[in-house]
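Labels below follow one simple rule: chain letters A, B, ... track the order of the sequence lines, proteins then strands, and each chain is numbered from 1.
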Protein chains: 2
Amino acid sequence: MKISELEKRTGINAHTLRYYEKSGLLKASMRSVNNYRIYSEDDLITALFIKRCKECGFSLAQTAALLAIKHDKSLHVCAEAKSITESKLQEISQQIEQLQQMEGTLTELQAYCCGGQESAEFCTIISTLEAGK
Amino acid sequence: MKISELEKRTGINAHTLRYYEKSGLLKASMRSVNNYRIYSEDDLITALFIKRCKECGFSLAQTAALLAIKHDKSLHVCAEAKSITESKLQEISQQIEQLQQMEGTLTELQAYCCGGQESAEFCTIISTLEAGK
DNA sequence: GTTGACCTTAGATGTAGCTCTAAGGTTTAT
DNA sequence: ATAAACCTTAGAGCTACATCTAAGGTCAAC
């Protein structure tokens, strides 16, 4: 299939597919006579693999590492895959924690603000941000 | 005080302080004879305000909006401040949700992988990413 | 009087992951 | 045969927020 069909079947933008190729993630397995990219069913699977990696939050570098394992399973061990997911999991937990911290602060900031048409002179959001904790 | 002292007292890099000025967030209230930025105590308060906004996750644009309220409270109303925090809160909740979704997927992905020195041939992480849900 | 620590500006660089443009070649349908 | 819809490349642009560089001016201490 040509790039636009792969785009349709994966939902990945053709520009992005070319970008993935440049990044070493997904190379079309053939080129037509006139140099068009021709993707195989295997390429489609790889493209969907990449898409799922993205949904899990993996960076392109991590995705590349996972793809390397996928492409040559016998040369790799479970520990490699697991260490990638573990580090991603840790990263995500940290991000969640940070966001929850912000969420807490913001909720508190909100709590006493009337949110109405009163002058901001006594707005607790502003005064709290001014005063700090 | 000069820029390096403000840097010390706020923990905000001098480069960043200049960047904030260019972005319209924090202008030194004076310049010395030789064109050095001279910051007042009020400027220090503003710098700390910006820092706290950052800790809450506000973008520079949102911070600028909050600063505008702070600088001229009588011209603004609580509703403005509250709408900014509300939209930020919403954004953060969404991000948390997304991350938790990823966290769940990753945890599931991990669950059945031995993580050992076995060949990745039967690694559940890889095969799950291949198969999709 | 010179060394080192400060300050200034404009503008380049970095991150991550796309997304788009320009300029051109190919294919398909009518 | 011509218009629309495809394809190619190199490289620019985008976002958000800094961070750094180059080239130069100023100041205080020894």
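- Evaluation of the salt bridge (Lys or Arg N to Asp or Glu O under 4.0 Å) test over residues 22-32 of chain A, restricted to residues two or more places apart or in two chains, returns E21(A)-R31(A).
- Near-neighbour residues of DNA chain D inside residues 85-98 of chain A, defined by a heavy atom below 4.0 Å, are absent.
- For residues 59-80 of chain A, the salt bridge (Lys or Arg N to Asp or Glu O under 4.0 Å) pairs, not counting sequence neighbours, are K73(A)-E130(B).
- For S83(A), there are no side-chain contact (heavy atoms from CB on, under 4.5 Å) partners, not counting sequence neighbours.
- Transitive grouping of hydrophobic side chains (ILVMFWY, heavy atoms separated by less than 4.5 Å) brings L26(B) and L44(B) into a common cluster.
- Between the P atom of dC7(C) and the CG atom of N13(B) lies a distance of 12 Å, rounded to the nearest Å.
- In summary, the side chains of Q110(A) and T85(B) do present a donor paired with an acceptor at a separation below 3.5 Å, with no hydrogens or angles considered.
- Through direct or relayed side-chain contacts under 4.5 Å between Ile, Leu, Val, Met, Phe, Trp and Tyr, I38(B) connects to M30(B).
- A straight line from CG of L6(B) to P of dC6(C) spans 15 Å, rounded to a whole angstrom.
- Hydrophobic cluster of Y112(A): no remaining members, since no ILVMFWY side chain lies below 4.5 Å from it.
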Without placing hydrogens or testing angles, list every side-chain donor-acceptor pair under 3.5 Å for residues 8-18 of chain B, not counting sequence neighbours.
unit_1: R9(B); atom_1: NH1; unit_2: E41(B); atom_2: OE2; d: 3.4
unit_1: R9(B); atom_1: NH2; unit_2: E41(B); atom_2: OE1; d: 3.4
unit_1: T10(B); atom_1: OG1; unit_2: L6(B); atom_2: O; d: 2.7
unit_1: T10(B); atom_1: OG1; unit_2: I12(B); atom_2: N; d: 3.0
unit_1: N13(B); atom_1: OD1; unit_2: H15(B); atom_2: N; d: 2.6

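- Sorted by first and then second residue, the pairs that involve residues 82-102 of chain A and meet salt bridge (Lys or Arg N to Asp or Glu O under 4.0 Å), not counting sequence neighbours, are K88(A)-E91(A).
- Within a 6.0 Å sphere centred on CD of E108(A), other residues, nucleotides and ligands contribute 12 heavy atoms or fewer.
- Distance, I3(A) CD1 to dT26(C) P: 18 Å, rounded to whole Å.
- From the 5' end on, the contacts that DNA chain D makes with chain A at under 4.0 Å to a non-hydrogen atom open and close at dC6(D) to dT9(D).
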- Note on the structure: Given protein heavy atoms under 4.0 Å, the one-letter contact record of nucleotides 12-18 of chain C, with B base, S sugar-phosphate only and - none, is simply -----BB
- Task: Kindly determine whether L67(B) and T46(B) satisfy side-chain contact (heavy atoms from CB on, under 4.5 Å), including the steps that lead there.
- Result: CA-CA 8 Å; L67(B) 274 173; T46(B) 301; 3.6 Å; yes
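- Of all the residues in residues 32-50 of chain A, N34(A), Y36(A) reach under 4.0 Å from DNA chain C with at least one non-hydrogen atom.
- Legend: residues meeting side-chain hydrogen bond (donor to acceptor under 3.5 Å, both in side chains) with N34(B), ordered by chain and number and at least two apart, are S32(B).
- Taking a 6.0 Å sphere around CD of Q94(B), one finds it holds 12 or fewer heavy atoms contributed by other residues, nucleotides or ligands.
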